[in-house]
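Below: the structure, in structure tokens.
In this text, all values refer to a predicted model and were calculated from it rather than measured experimentally. Both counts, for ligands and for their atoms, begin at 1 and track the order of listing.
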Amino acid sequence: VLASGVRRVVVGALDPDGRVAGRGAERLRRAGLEVATGVAQEEVEALDPGYFHHRRTGRPRVTWKAGLTLDGQVAAADGSARWLTGPEARRDGHRLRAEADAVLVGAGTVIADDPALTVRLPDYEGPQPRPVIVAGHRTLPGAAQLWERGPLVFAPDDSGGYPAEVVVLPGPGGVDLEAACDHLGELDVLDVLVEGGPAIAASLLERGLVDRGVFYLAARLAGGTGVPVLPGVFPTVGAARPVEVVGVERVGADVRIEFEFTGEAG
Ligand SMILES: NC(=O)c1ccc[n+]([C@@H]2O[C@H](COP(=O)([O-])OP(=O)(O)OC[C@H]3O[C@@H](n4cnc5c(N)ncnc54)[C@H](OP(=O)(O)O)[C@@H]3O)[C@@H](O)[C@H]2O)c1
């Protein structure tokens, strides 16, 4: 390196992976080079946020996606949710899937929607995210499309007899979601997209396991309560959790809002 005349090395961001952190820079310093580190930390982390999150926490970065009416309903009272949003918003949702290593849904969504959770974009040839199902005490339908896709199933017990890799992790409300996130981290899953429904989203939120949200606000009013985006009661204004809105965009007739959790209490 010295022979080539290089004397100063500039490092955008150090790798937070404990196995390598700072060692490369140290070796360069020992070799007599001047090394500046972390000069573009934010910009570099924005290129692969899931990687940095995973290396720091051991868990994947969790994105919660939902399509909802302007008055906050993700499905009608009969359980149907197809389609609240327009084709452009749904296409954008497929792009989110393409960026994820895994797409996670709860039993309620498998039963109500029988989703395929594949990336369906013209000309897309990249990898498909692995489906992850959080099963509960009801038995999942044997004819669900997801069985064809080699899903990973987290279940509270081993009574389901599912044709899939099942990891039994009993916990509050069914599956222990913290342990599930740890398990995904151990599998080197960096980015998880949570596609519902409200019960799983609420449990993940309660445990502080959601890192960002992408909501597609459909240009529609439900006009009543079907399935609200989150279950439960909103007791006082003070209970509302603050988020930082990091993006607002029109997608066709709908609006896409991206937000991150600030870590502050309500
Ligand atoms: N518009 C959208 O973006 C969107 C997205 C997804 C779903 N949806 C709609 O949402 C509705 C389904 O909602 P949902 O809340 O019933 O479905 P869900 O959140 O997908 O599944 C909830 C179920 O997961 C199981 N579970 C296991 N461990 C759990 C834990 N720790 N915490 C919470 N649940 C756990 C339980 O199954 P058991 O009851 O069997 O124990 C629970 O009832 C459908 O109408 C669907 O169309 C809308």
Side-chain angles (χ1 to χ4, degrees), residues 62-86 89-94 96-97 100 102-117 131-142 144-146 151-162 166-184 192-210 213-222 224-232 251 254-258:
V62 175
T63 299
W64 171 29
K65 173 201 144 190
L68 52 148
T69 64
L70 282 184
D71 47 344
Q73 306 299 305
V74 293
D78 67 356
S80 60
R82 287 177 177 154
W83 298 106
L84 291 172
T85 51
R90 299 208 299 275
R91 216 160 22 245
D92 195 84
H94 281 268
L96 274 184
R97 270 185 201 162
V103 179
L104 182 148
V105 290
T109 300
V110 178
I111 293 166
D113 298 345
D114 185 20
L117 304 180
V132 177
I133 304 172
V134 180
H137 300 289
R138 288 169 289 178
T139 305
L140 296 169
Q145 294 194 67
L146 283 179
L152 174 62
V153 178
F154 292 115
D157 55 56
D158 59 5
S159 65
Y162 300 125
V166 178
V167 178
V168 176
L169 296 173
V175 166
D176 180 339
L177 294 173
E178 269 149 344
C181 285
D182 286 339
H183 187 90
L184 291 171
V192 173
L193 185 66
V194 175
E195 296 209 31
I200 284 298
S203 290
L204 288 166
L205 282 170
E206 226 171 81
R207 286 161 186 81
L209 295 169
V210 183
V214 178
F215 278 11
Y216 298 97
L217 295 187
R220 286 169 193 264
L221 285 171
T225 305
V227 181
V229 65
L230 285 174
V251 278
D254 308 321
V255 179
R256 178 195 203 269
I257 299 196
E258 182 174 339

For atom 22 (C) of ligand 1, which protein heavy atom lies nearest, and how many Å away is it?
A199 CB, 3.6 Å
Checking the side chain of T109 only, and the main-chain atoms of G197 only, is there a donor and an acceptor separated by less than 3.5 Å?
yes
What atoms in ligand 1 come closer than 4.0 Å to a heavy atom of A135?
27 (C)
Quick one: does L146's side chain get under 4.5 Å of I133's, heavy atoms only?
yes
Do me a favour and list the nearest non-hydrogen protein atom to atom 9 (C) of ligand 1 with residue, atom name and distance?
A75 CB, 4.0 Å
How long is the gap from CG on L104 to SG on C181, to the nearest 0.5 Å?
7.5 Å
A66 touching ligand 1 at heavy-atom level, < 4.0 angstrom
yes
Under 4.0 Å from any heavy atom of V134, which atoms of ligand 1 are there?
24 (O), 25 (C), 27 (C), 28 (N)
For ligand 1, indicate whether the residue L68 contacts it via side chain, backbone, both or neither (heavy-atom separation under 4.0 Å).
neither
side-chain hydrogen bond (donor to acceptor under 3.5 Å, both in side chains) partners for R256, two or more places apart
D92, E258
Please tell me if the side chains of P228 and Q73 come closer than 4.5 Å, counting only heavy atoms from C-beta onward.
yes
With rounding to the nearest 0.5 angstrom, report the CZ to CG distance, R91 to L96.
14.0 Å
Under a 4.0 Å heavy-atom limit, does A112 contact ligand 1 with its side chain, its backbone, both, or neither?
side chain
Test side chain to side chain contact (heavy atoms under 4.5 Å, CB included) applied to W64 and L205, L209, L204, the passing residue
L205
Looking at atom 7 (C) of ligand 1, what's its closest protein heavy atom, distance included?
T109 OG1, 3.2 Å
Enumerated ligand 1 atoms positioned under 4.0 Å from heavy atoms of E195:
5 (C), 6 (C)
Based purely on interatomic distance, does V74 place a nitrogen or oxygen under 3.5 Å from a nitrogen or oxygen of ligand 1?
yes
I need the atoms of ligand 1 closer than 4.0 Å to a non-hydrogen atom of G67, numbered in the order shown.
1 (N), 2 (C), 3 (O)
For P172 and ligand 1, answer yes if some heavy atom of the residue is under 4.0 Å from a ligand atom, otherwise no.
yes
If we number the atoms of ligand 1 from 1 as shown, the ones under 4.0 Å from a heavy atom of D113 are 46 (C), 47 (O)
Give me the nearest non-hydrogen protein atom to atom 29 (C) of ligand 1 as residue plus atom name, then the distance to 0.1 Å.
G173 O, 3.2 Å
For T85 and A89, indicate whether the former's side chain and the latter's backbone hold a donor-acceptor pair under 3.5 Å.
no
Which residue owns the protein heavy atom closest to atom 42 (C) of ligand 1, what's the atom, and how far is it?
R138 NH2, 4.0 Å
With a 4.5 Å heavy-atom cut-off, do V192 and V132 have their side chains touching?
no
I'd like to know if the side chain of R97 and the backbone of G93 have a donor-acceptor N/O pair within less than 3.5 Å.
no
Please round to the nearest 0.5 Å and tell me the distance separating atom CG of D71 and atom CZ of R220.
11.5 Å
Among all the protein's non-hydrogen atoms, which is closest to atom 16 (O) of ligand 1, and how far away is it?
G108 CA, 3.6 Å
Closest non-hydrogen protein atom to atom 18 (P) of ligand 1, residue and atom name please, with distance?
G197 N, 3.2 Å
Interatomic distance, L70 atom CG to L84 atom CG [nearest 0.5 angstrom]:
11.0 Å
Give yes if a backbone or side-chain nitrogen or oxygen of V175 is under 3.5 Å from a nitrogen or oxygen of ligand 1, and no if not.
yes
Where the closest heavy atom to atom 11 (C) of ligand 1 is concerned, which of G196, S203, G226, P198 has it?
P198
Within a strict 4.5 Å, meaning less than it, do heavy atoms of the F215 and V229 side chains meet?
yes
For the 3.5 Å polar cut-off, considering only N or O atoms, please tell me whether I200 and ligand 1 meet it.
yes
Does any N or O atom in V227 lie less than 3.5 angstrom from one in ligand 1, N or O only?
no
Can you measure from CG (L169) to CG (D157) and round to the nearest 0.5 angstrom?
11.5 Å
Considering non-hydrogen atoms of the protein only, which is the closest contact for atom 24 (O) of ligand 1, and what is the distance?
A107 N, 3.4 Å
Which atoms of ligand 1 sit under 4.0 Å from any heavy atom of A81?
47 (O)
Under a 4.0 angstrom heavy-atom cut-off, which atoms of ligand 1 come close to L177?
31 (N)
Taking only non-hydrogen atoms of G79 and a 4.0 Å limit, the atoms of ligand 1 in range are 44 (C), 45 (O), 47 (O)
Looking at CZ of R90 and OH of Y216, how far apart are the two atoms once the value is rounded to the nearest 0.5 Å?
12.0 Å
